There are 2 protein chains.
Amino acid sequence: MIHTATEKSILQAAKTVFFKKGLAAARMQEIANEANINKAMLHYYFRSKEKLFGAVFLQAFGELAPFLNSIFNSDKPVFEKIREFVDGYITFVVDNPYLPTFIIQEMNINPQFGETFFRNHVTPDPSKFEEQIAREIEHGNIRPIDPKQLVLNLISLTAFPFVGKGLVIGILDLDEIAFKTLMEERKKLIPEMIINTIKVQ
Amino acid sequence: MIHTATEKSILQAAKTVFFKKGLAAARMQEIANEANINKAMLHYYFRSKEKLFGAVFLQAFGELAPFLNSIFNSDKPVFEKIREFVDGYITFVVDNPYLPTFIIQEMNINPQFGETFFRNHVTPDPSKFEEQIAREIEHGNIRPIDPKQLVLNLISLTAFPFVGKGLVIGILDLDEIAFKTLMEERKKLIPEMIINTIKVQ
DNA sequence: ATCAAATTTAACCAAATGGTTAATGAATTT
DNA sequence: AAATTCATTAACCATTTGGTTAAATTTGAT
């Protein structure tokens, strides 16, 4: 768990290259250049490309998962969690634009990797949040909906524009600025929409 | 524009391999094996890996874009278009699970490719649909919303679960059957949700 | 200061990969 | 039927790529 300066610079460089190109298209030499070190150092510290990739993936998830879980598992009311999730996630992703795409991309290309990962690491877990939703429905405080569908709506509306950014910009005919404006507007729009769907009249 | 049997089998094989692995991880030899032909044939018909990939990408888009445009550009009312889009898209993607992920993935890895592509080919274009929404808002038939946000919500809710399937299954703790059930339910749930948000009380 | 361990480098290697070529077989044309 | 074009194959090639090695340098303990 000790991280030397070299090890850190390797991880940072690997992150940059893997995020931009994905596992298969990333080159060890490019990572070495990015880190201003010899290519052999990559193997000295991480043994193989796959191991290095695993370390980067772990770190990426390690940034996102606790953040999401802190929202899912707080003791705040449902509506507030929805607002916090959307605002927090969009803010987070604007600063880390490659992260969610990277995770989804590599989990799709190698589903086995994803499964193993979910079994062995701290990952986003909305189960408490789902229970909370179910309870509120029972008490008649919100309208009936499958909690999983609600969570899926929340994630879809929030994450998709970033994951499919290239396509979204193309389809909606946006430039970079228009895209960012739209995303900022969504911080309000998405919670309003979801809450409007489940609040009792 | 003449497609021989061999050329077709190459395209089919390339589609299979590129969809599963992406451009960078796909191997020409694997495509040749999949098509039961000699590797040299790939170059005989398509010159290079990039050209072959371009042909596959074009075909993939060529399947999806006209389908979406036929919905966007029909003369049906807004609510009906929303229902048609969701039902049609989910049905389509259940049968072609790799398609949207593939398109989004490669557009993210190579944004320039995406931009060029959008300029030079038939792509999904919701601008008429957006105008229709704006008109309905003016007439007071639906509640005010940025038409682009409405379209983005529609696409996000519908497409994301498939694009981020690995992550969704992991986060919501689903198996293959539960996922499919959830997707079928969404054919009703998504239109209800969107329409509920915009219909005048 | 000395020695051993850890770190860094340059040169090297084997395997894989996209791509080519020249010969062969199958159709088509004349 | 001969000639010519098109389709297909096996062998080959240059380059790239992940990975190794052995020597050199630095670091740290004694």
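To find a chain, count down the sequence lines: A is the first, B the second, and so on, and within it residues start at 1. Since the structure is predicted, the reported quantities are computational estimates derived from the model, not experimental observations.
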Once you measure the plane-to-plane angle for B:Phe129 and B:Phe72, does it fall in the parallel (<30°), tilted (30-60°) or perpendicular (>60°) bin?
parallel
What is the distance, to the nearest angstrom, from the CG atom on B:Leu42 to the P atom on D:dT8?
12 Å
Drop me the distance from A:Thr6's OG1 to A:Lys8's NZ, to the nearest 0.5 angstrom.
11.0 Å
Here the gap from A:Glu80 atom CD to A:Ser74 atom OG, rounded to the nearest 0.5 Å, amounts to 7.5 Å
Which part of the nucleic acid, if any, lies within contact of B:Ala26, taking any heavy atom under 4.0 Å across all strands shown: a base, the sugar-phosphate backbone alone, or nothing?
sugar-phosphate
When you measure from the side-chain N and O atoms of A:Arg27 to the phosphate of D:dG18, is any distance below 4.0 Å, counting only OP1 and OP2?
yes
Atom CD1 of A:Ile90 and atom NZ of A:Lys187: how far apart are they, to the nearest 0.5 Å?
6.5 Å
Tell me whether the side-chain N/O atoms of B:Thr6 come closer than 4.0 Å to OP1 or OP2 in D:dT8.
yes
Going by an N to O cut-off under 4.0 Å, is there a salt bridge joining B:Glu185 and B:Lys188?
no
Does a salt bridge link A:Lys199 with A:Glu136, judged by any charged N lying under 4.0 Å from a carboxylate O?
no
Could you walk me through whether B:Lys20 and B:Tyr98 satisfy the side-chain contact (heavy atoms from CB on, under 4.5 Å) test, starting with their C-alpha distance in whole Å, then the side-chain angles of each, then the deciding distance to 0.1 Å, before giving a yes or no?
CA-CA 7 Å; B:Lys20 191 149 62 190; B:Tyr98 288 112; 4.1 Å; yes
Nucleic acid contacts of residues 28-41 of chain B, taken as heavy-atom distances under 4.0 Å to DNA chain C
B:Met28, B:Lys39, B:Ala40
Along DNA chain C, first and last positions that approach a heavy atom of chain B under 4.0 Å:
C:dT17 to C:dT21
Between B:Arg186 and A:Asn153, is there a side-chain donor-acceptor contact under 3.5 Å, judged purely by atom types and distance?
yes
Residues of residues 44-52 of chain A with a heavy atom under 4.0 Å from any atom of DNA chain C, listed by number, are A:Tyr44, A:Tyr45
Quick test of your reading of the model: are B:Lys165 and B:Glu176 salt-bridged, counting only N-O distances below 4.0 Å?
yes
Donor + acceptor pair across side chains of A:Asn33, A:Gln29 (<3.5 Å):
yes
